[in-house]
> 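My questions all concern the structure below.
All figures in this text were calculated on a predicted structure; none of them were measured in a lab. What you see below is based on every heavy atom in this structure, not just the backbone, and it leaves out hydrogens, waters and symmetry mates.
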Amino acid sequence: MCEDDHSGDQSGDRSGAQIGDHGIGRRALFVTGAAAALTLGSVSFPSEAADAADASETRTVRGTLPTGSPDFVYLPVEVPDGVREIKVAYTYEKPPVPAGTAGNALDIGVFDQRGTELGGKGFRGWSGGARTEFFIRADDATPGYIPGPVKEGTWHIALGPYTVAPQGLPYEVTITLTYGEPGAAVKPVYPPSRAKGRGRAWYRGDCHLHSWYSDGRRTPAEIAALARAAGLDFINTSDHNTHSSHVHWASEAGDDLLILLGEEVTTRNGHVVALGTDPGTFVDWRYRARDNRFGKYARRIREAGGLVVPAHPHATCVGCNWKFGFGEADAVEVWNGPFGPDDEVSLADWDSMLVASVREGRGGRDWIPAMGNSDAHRDPDPVGTPQTVVLADDLTREAIQEGIRAGRSYVAESQKVSLSFSVTGPKGEHAGIGGRLKVDRDDPVTVTLEASGVPRCTVRFVTDQGVLFTSAVLPVSGGGVVEWRTTAQYAAYVRAEVRHEAAVGPLPGALAAFTNPIFLGRV
């Protein structure tokens with residue numbers, strides 16, 4: 001790490017000192033492996049100001065980030081003793097750009113005196129591009145940020161130039177320190193890890209949701225109310241790159257709603273849902289696929305009791321497409337929000353992974369289950385569209401996770417849709433979703449799907465050989481039973497898709513529901 005080019009008077013007065021331009025010099029680049037970050041010159045405040053209670057000091061930093069900037073730019077702030085609150089505001093220019101060219105987008109967050117080390121303890125909050133300012137003090141903080149004492153030392157404001165226009169990205173950051181006695185810290189209270197279940201039963205959940213603690217616009221109370229209205233038994237919190245919401249969900253849990261805690265780890269090469277981690281768990285996101293660090297943070301999720309679920313792997317938004325591979329995945333989010341073309345690609349990609357698990361001789365033992373979630377952010381995004389329906393021993397964190405990990409689940413577009421899917425052998429052998437029917441290769445096998453809430457839909461049975469059966473259109477009543485006979489030699493696995501009527505010709509309609517597979521044959 002070397003000094004950057006900057007100039008200007010840092011003494012100023014309490015009305016708001018201006019610090020000179022923090023441009024990027026070649027020597028300022030800090031490189032570790034394939035990852036790159038930039039640290040600017042530090043901002044200082046006079047320690048004698050702490051003698052005046054409730055006094056405030058302000059500094060403003062201006063600079064320009066060029067195209068090709070590193071993913072993260074750190075602005076050190078020397079915080080003296082006696083600070084009650086730190087407040088940061090920022091702006092940046094958005095010049096017009098030609099069609100097809102990315103414009104400026106600048107994210108922001110902060111690390112405290114414990115440092116910016118990857119996976120370290122210094123993280124104090126992140127709002128991405130959702131907010132233009134934030135504050136932190138002992139008793140409170142802006143949504144997305146972690147309350148706690150503002151201790152003496154070097155803090156770092158983290159700027160994330162997500163995209164930079166050809167003209168560059170001019171920015172301005174204003175830091176205000178307020179002195180005085182800190183407020184009383186609030187002891188965190190988290191939602192319980194169990195709710196009143198129905199024993200071994202099918203439970204409905206939505207594990208990808210955003211509140212106003214990241215870029216959502218709904219409060220936890222609003223989300224919980226919508227979850228109950230959607231017939232859900234459990235949800236998982238998944239705000240982008242922050243665990244700050246964890247302490248705000250306890251009052252929304254109840255016997256009828258299990259609230260799991262997590263994070264959407266939002267990297268520049270794809271997003272992953274940390275599903276059901278221990279309360280207060282932070283998972284770092286500051287790496288790309290080429291940095292070979294994802295395995296470490298996938299283990300961090302599991303060590304905290306969570307599941308690793310790559311989200312919307314074929315989404316088209318900047319940085320959303322999944323680049324890390326699926327070797328660390330416990331499940332994969334195949335259906336995200338209203339079913340669309342990217343979900344169709346994700347479904348086909350997942351099916352190819354199922355085929356590979358069979359053809360590589362693993363007998364389906366190492367397959368990755370699929371799930372679906374709403375990724376709801378704000379009105380009119382519906383919570384619970386789609387939802388994952390899990391066969392679990394009870395309505396607890398561990399039981400729900402075990403059901404998801406085992407693939408004992410199907411995905412439905414709403415609470416109106418219910419499926420029962422099974423296979424039966426010649427001697428009455430039976431297996432359900434996520435299971436294996438142990439029969440000889442030539443034994444006749446009967447595949448049965450019973451569906452309700454799917455009017456004028458068709459049922460397709462998909463195997464490692466492709467779609468081998470398509471039913472007639474189900475009646476307007478929305479219910480029906482569909483059967484198909486096959487053998488383990490003909491189909492190594494079978495899964496079911498329930499689709500709406502196609503709008504155009506032979507193209508399949510949008511999904512109403514789909515199941516995880518049942519494997520056929522002996523291992």
Side-chain angles (χ1 to χ4, degrees), residues 130 143-144 191 195 197 202-240 242-246 248-264 266 271-277 307 309 311-312 315 317 320 331 333-340 342-343 346 370-390 392 395 397 400-401 403-404 409-419 453-454 510-514:
W202 292 93
Y203 296 99
R204 295 175 179 265
D206 188 347
C207 295
H208 189 165
L209 294 161
H210 295 278
S211 75
W212 68 358
Y213 289 91
S214 62
D215 63 342
R217 292 294 180 268
R218 290 168 173 154
T219 65
E222 290 169 332
I223 293 172
L226 290 169
R228 289 180 166 97
L232 301 182
D233 301 294
F234 66 93
I235 60 174
N236 178 71
T237 73
S238 56
D239 283 309
H240 293 284
T242 182
H243 59 290
S244 67
S245 75
H246 288 191
H248 298 281
W249 284 98
S251 61
E252 311 311 327
D255 286 347
D256 63 333
L257 184 64
L258 173 68
I259 299 179
L260 308 179
L261 302 175
E263 176 187 336
E264 184 174 7
T266 307
H271 304 181
V272 61
V273 172
L275 197 165
T277 53
L307 301 183
V309 183
H312 45 64
C317 47
C320 292
E333 186 184 73
V334 167
W335 185 351
N336 175 275
F339 193 80
D342 58 314
D343 300 304
S346 295
M371 63 185 309
N373 302 297
S374 72
D375 199 1
H377 283 69
R378 60 187 65 83
D379 293 339
D381 298 350
V383 171
T385 301
Q387 51 192 248
T388 299
V389 190
V390 183
L395 190 52
R397 178 175 84 158
I400 292 296
Q401 289 174 320
I404 292 172
S409 60
Y410 65 90
V411 180
E413 65 180 353
S414 75
Q415 63 181 316
K416 297 178 181 178
V417 178
S418 292
L419 301 182
V454 287
L511 278 178
F514 77 93

> So do the side chains of Ser374 and Leu209 get within less than 4.5 Å of each other, counting heavy atoms only?
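Touching, per the 4.5 Å side-chain cut-off.
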> Under a 4.5 Å cut-off applied to non-hydrogen side-chain atoms, are Pro220 and Trp212 in contact?
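Yes; the side chains approach each other to less than 4.5 Å.
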> Has the side chain of Thr242 got a donor or acceptor atom that lies under 3.5 Å from a matching backbone atom of Gly144?
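Here the side-chain-to-backbone pair exists.
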> Let me confirm one number: the CG-CG distance from Asn373 to Asp206, rounded to the nearest 0.5 Å.
5.0 Å
> Return yes if some donor-acceptor pair links the side-chain N/O of Asp215 with the main-chain N/O of Ala130 below 3.5 Å, else return no.
no
> Drop me the distance from Glu252's CD to Ser211's OG, to the nearest 0.5 angstrom.
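Rounded to the nearest 0.5 Å, the CD-OG separation comes out at 11.0 Å.
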> Treating Gln415 as the side-chain partner and Ala229 as the backbone partner, does any N or O pair qualify as donor plus acceptor under 3.5 Å?
yes
> Which atom pair, heavy atoms only, marks the closest approach of Ala412 to Ala513?
CA-CB, 4.1 Å
> Are any side-chain N or O atoms of Thr219 and backbone N or O atoms of Glu222, one a donor and one an acceptor, separated by less than 3.5 Å?
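Yes, because the side chain of Thr219 sits within donor-acceptor range (under 3.5 Å) of the backbone of Glu222.
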> Please name the pair of heavy atoms, one in Ala253 and one in Arg228, separated by the smallest distance, quoted to 0.1 Å.
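Heavy atoms only, the tightest pair is C-NH2, 3.9 Å.
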> When rounded to the nearest 0.5 angstrom, what distance separates CG in Leu275 from SG in Cys207?
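The SG atom of Cys207 is 4.0 Å from CG of Leu275, to the nearest 0.5 Å.
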> If you take all heavy atoms of Leu232 and Gly384, which pair is closest and at what distance?
CD1-CA, 4.2 Å
> With under 30° as parallel and over 60° as perpendicular, where do the rings of His312 and His208 fit, or are they tilted in between?
tilted
> Would you name the heavy atoms of Val411 and Gly372 that are closest together and state the gap between them?
CG2-N, 3.4 Å
> What are the two closest heavy atoms between Arg204 and Val389, and how far apart are they?
NH1-CG2, 3.7 Å
> Indicate yes or no: at least one non-hydrogen side-chain atom of His246 is less than 4.5 angstrom from one of Thr237.
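His246 vs Thr237: side chains touch.
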> Taking C-beta and beyond as the side chain, do His210 and Asp381 meet within less than 4.5 Å on heavy atoms?
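Not touching, per the 4.5 Å side-chain cut-off.
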> Within the side chain of Asp343, is there an N or O that forms a donor-acceptor pair under 3.5 Å with the backbone of Asn336?
yes
> Ignoring hydrogens and geometry, is there a side-chain-to-backbone donor-acceptor pair from Thr385 to Ser414 under 3.5 Å?
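Checking the backbone N and O of Ser414 against the side chain of Thr385, no donor-acceptor pair under 3.5 Å is found.
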> Rounded to the nearest 0.5 Å, what separates atom CD1 in Ile235 from atom CG in Leu260?
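If I round to the nearest 0.5 Å, the distance is 8.5 Å.
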> What residue among Leu257, Asp255, Asp233 forms side-chain contact (heavy atoms from CB on, under 4.5 Å) with Leu395?
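Single side-chain contact (heavy atoms from CB on, under 4.5 Å) partner of Leu395 among Leu257, Asp255, Asp233: Asp233.
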> If you compare all heavy atoms of His240 against all heavy atoms of Thr266, which two are closest, and at what distance to 0.1 Å?
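His240 and Thr266 have their closest heavy atoms at ND1-OG1, 2.7 Å.
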> So, taking the atom named CG in Leu511 and the one named CD in Glu413, what distance separates them when rounded to the nearest 0.5 Å?
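Between Leu511 CG and Glu413 CD, I get 9.0 Å after rounding to 0.5 Å.
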> Do Glu263 and Thr277 come within less than 4.5 Å of each other through their side chains, counting heavy atoms only?
no
> Among Tyr203, Trp335, Trp202, Phe514, which residue satisfies the ring pair (Phe, Tyr, Trp, His ring centres under 6.0 Å) criterion with Tyr410?
Trp202
